[in-house]
Amino acid sequence: VYLNLIKTSNVKVFPEIPKKKSLQDMYKLFKSKLNEADNIYWVIDLDVVIKENNLHILKDYLEHYKDNIIINNPCLEYWFYLHYKSSGNFNNRCDDVINALKKEDDFFRQYSKSVSDIEQVVELLKSRLETAYTNAQNRQCNLEELLSCSQMDRLVKKLKRDKETKKVKYEIRRSKK
């Protein structure tokens with residue numbers, strides 16, 4: 001939902017959010033989609049990967065598809081946080097990020113991951129997008145250190161630049177169990 005709302009081009013975004021799939025199952029789905037479109041992106045929230053002790057598996061996948069895998073540590077909400085602040089380490093816990101967001105804006109006091117809330121987040125944060133780009137670039141994702149980070153800037157910039165209607169992109173996000 002977020003990507004469809006933030007993009008300014010005619011790129012089509014088809015999110016596939018598998019329910020209760022293992023990291024390995026999602027990797028198979030990701031690989032199966034690679035031949036179906038010009039650009040495929042897999043957006044991963046690391047909090048679940050870490051919780052399930054699958055970081056070593058993800059590292060293997062990144063060796064082959066680092067340009068197509070977009071990491072958020074701990075979760076997509078950290079990307080929202082980067083619209084406000086450039087620092088903060090949340091010990092791989094999404095709840096900690098959401099609590100920090102509540103201190104930045106009253107909207108997040110009632111935040112849920114619903115479609116209507118995501119629509120409001122886009123409207124709320126769109127004027128701060130350049131700040132988020134800068135803050136994300138200053139916090140590189142390092143799977144050894146596991147500091148909070150987001151690579152959503154890479155994907156959002158690609159969506160905003162891509163003006164070809166023929167291109168189809170997928171977002172495959174790790175669902176919470």
Side-chain angles (χ1 to χ4, degrees), residues 1-7 13 15-19 21-23 26-27 29-30 39-62 65-102 104-105 108 111-115 117-119 121-122 124-126 128-160 169-177:
V1 172
Y2 175 81
L3 292 173
N4 273 319
L5 293 170
I6 199 72
K7 68 183 178 63
V13 178
E16 292 195 21
I17 306 175
K19 298 292 181 197
K21 295 260 185 185
S22 70
L23 186 66
M26 291 186 40
Y27 179 67
L29 176 61
F30 165 73
N39 293 293
I40 304 291
Y41 296 97
W42 181 12
V43 178
I44 298 177
D45 288 347
L46 275 190
D47 60 339
V48 176
V49 173
I50 292 167
K51 181 180 170 185
E52 295 175 354
N53 201 26
N54 285 327
L55 198 55
H56 63 288
I57 297 170
L58 178 59
K59 287 178 184 178
D60 288 340
Y61 299 161
L62 284 166
Y65 298 104
K66 71 176 182 174
D67 293 336
N68 301 81
I69 297 176
I70 306 296
I71 294 172
N72 291 303
N73 186 25
C75 54
L76 176 65
E77 286 73 14
Y78 188 72
W79 168 245
F80 301 158
Y81 179 80
L82 289 174
H83 288 71
Y84 296 98
K85 302 274 186 181
S86 63
S87 62
N89 192 26
F90 296 98
N91 300 316
N92 311 313
R93 292 179 28 88
C94 192
D95 289 343
D96 293 345
V97 176
I98 294 171
N99 287 333
L101 281 167
K102 289 176 184 178
E104 297 303 324
D105 196 292
F108 289 101
Y111 172 77
S112 68
K113 295 186 179 211
S114 68
V115 171
D117 275 1
I118 298 296
E119 290 170 350
V121 165
V122 169
L124 178 70
L125 300 180
K126 70 181 178 183
R128 299 173 177 260
L129 197 54
E130 291 302 320
T131 300
Y133 289 153
T134 301
N135 291 343
Q137 290 169 357
N138 291 334
R139 295 193 57 92
Q140 297 300 312
C141 291
N142 180 328
L143 296 185
E144 300 305 321
E145 294 178 14
L146 291 178
L147 297 175
S148 297
C149 66
S150 177
Q151 296 177 332
M152 288 297 292
D153 60 310
R154 289 179 26 212
L155 184 52
V156 172
K157 283 180 181 179
K158 279 187 173 270
L159 287 174
K160 288 177 127 311
K169 301 185 188 223
Y170 288 83
E171 173 204 10
I172 303 174
R173 261 192 90 221
R174 179 76 168 99
S175 58
K176 303 278 183 184
K177 287 188 178 182

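Sequence positions, counted from 1, serve as the residue numbers for this chain.
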Got a sec, which residues hit side-chain contact (heavy atoms from CB on, under 4.5 Å) with Asp105, two or more places apart in sequence or on another chain? Tyr84, Phe107, Phe108, Leu124
Less than 4.5 Å apart, side chain to side chain, heavy atoms only: is that true for Tyr27 and Ile57? no
Atom of Leu146, atom of Asn89 and distance for their closest heavy-atom approach: O-OD1, 4.2 Å
Here the gap from Cys75 atom SG to Tyr81 atom OH, rounded to the nearest 0.5 Å, amounts to 12.5 Å
Are the charged groups of Glu144 and Lys59 less than 4.0 angstrom apart, N to O? yes
So which atom in Gln137 and which in Asp153 form the shortest heavy-atom distance, rounded to 0.1 Å? CG-OD2, 3.5 Å
In this structure, CD of Glu104 is separated from NE2 of His83 (nearest 0.5 Å) by 13.0 Å
Spacing of CZ belonging to Arg128 relative to OG1 belonging to Thr134, to within rounding of 0.5 Å: 13.5 Å
Would you call Ile71 and Asp45 a side-chain contact if the rule is heavy atoms closer than 4.5 Å? no
Quick one: closest heavy-atom pair of Arg154 and Ile70, and the distance? NH2-CD1, 3.6 Å
Would you call Tyr111 and Leu101 a side-chain contact if the rule is heavy atoms closer than 4.5 Å? no
Working for side chain to side chain contact (heavy atoms under 4.5 Å, CB included), residues Asn92 and Leu46: CA-CA 7 Å; Asn92 311 313; Leu46 275 190; 5.8 Å; no
Report the residues that fulfil side-chain contact (heavy atoms from CB on, under 4.5 Å) with Glu130, sequence neighbours left out, ordered by chain and then residue number. Tyr133
Check Trp42, Tyr41, Phe30 against Tyr65 for a ring-ring contact (aromatic ring centres under 6.0 Å, His included) and give me the one that passes. Phe30
Would you please say whether a donor-acceptor pair under 3.5 Å links the side chains of Asn73 and Ser148? no
Would a 4.5 Å heavy-atom cut-off, applied to side chains only, mark Asn142 and Cys149 as touching? no
Any idea which heavy atoms bring Pro74 and Val97 closest together, and the distance? CG-CG2, 3.5 Å
State, yes or no, whether a side-chain contact exists between Asp47 and Lys51 at a heavy-atom distance under 4.5 Å. no
Show your working on side chain to side chain contact (heavy atoms under 4.5 Å, CB included) between Lys126 and Leu129 and close with a plain yes or no. CA-CA 5 Å; Lys126 70 181 178 183; Leu129 197 54; 5.8 Å; no
Are Asn72 and Ser150 close enough that a side-chain donor and a side-chain acceptor fall under 3.5 Å? yes
Could you state the interatomic distance from CZ (Phe90) to CD1 (Ile98), rounded to the nearest 0.5 Å? 11.0 Å
Which heavy-atom pair separates Leu55 from Val49 by the least distance, and what is that distance? N-CG1, 3.7 Å
When rounded to the nearest 0.5 Å, the distance separating CD of Glu77 from CG of Asp95 is 9.5 Å
Could you check whether atom NZ of Lys102 has more than 12 heavy atoms from other residues, nucleotides or ligands sitting under 6.0 Å from it? yes
Interatomic distance, CG@Leu147 vs SG@Cys141, rounded to 0.5 Å, equals 9.5 Å
Under the criterion side chain to side chain contact (heavy atoms under 4.5 Å, CB included), I'd like the reasoning laid out for Leu76 against Met152: C-alpha separation, chi angles, the key distance, then a yes or no. CA-CA 8 Å; Leu76 176 65; Met152 288 297 292; 3.9 Å; yes
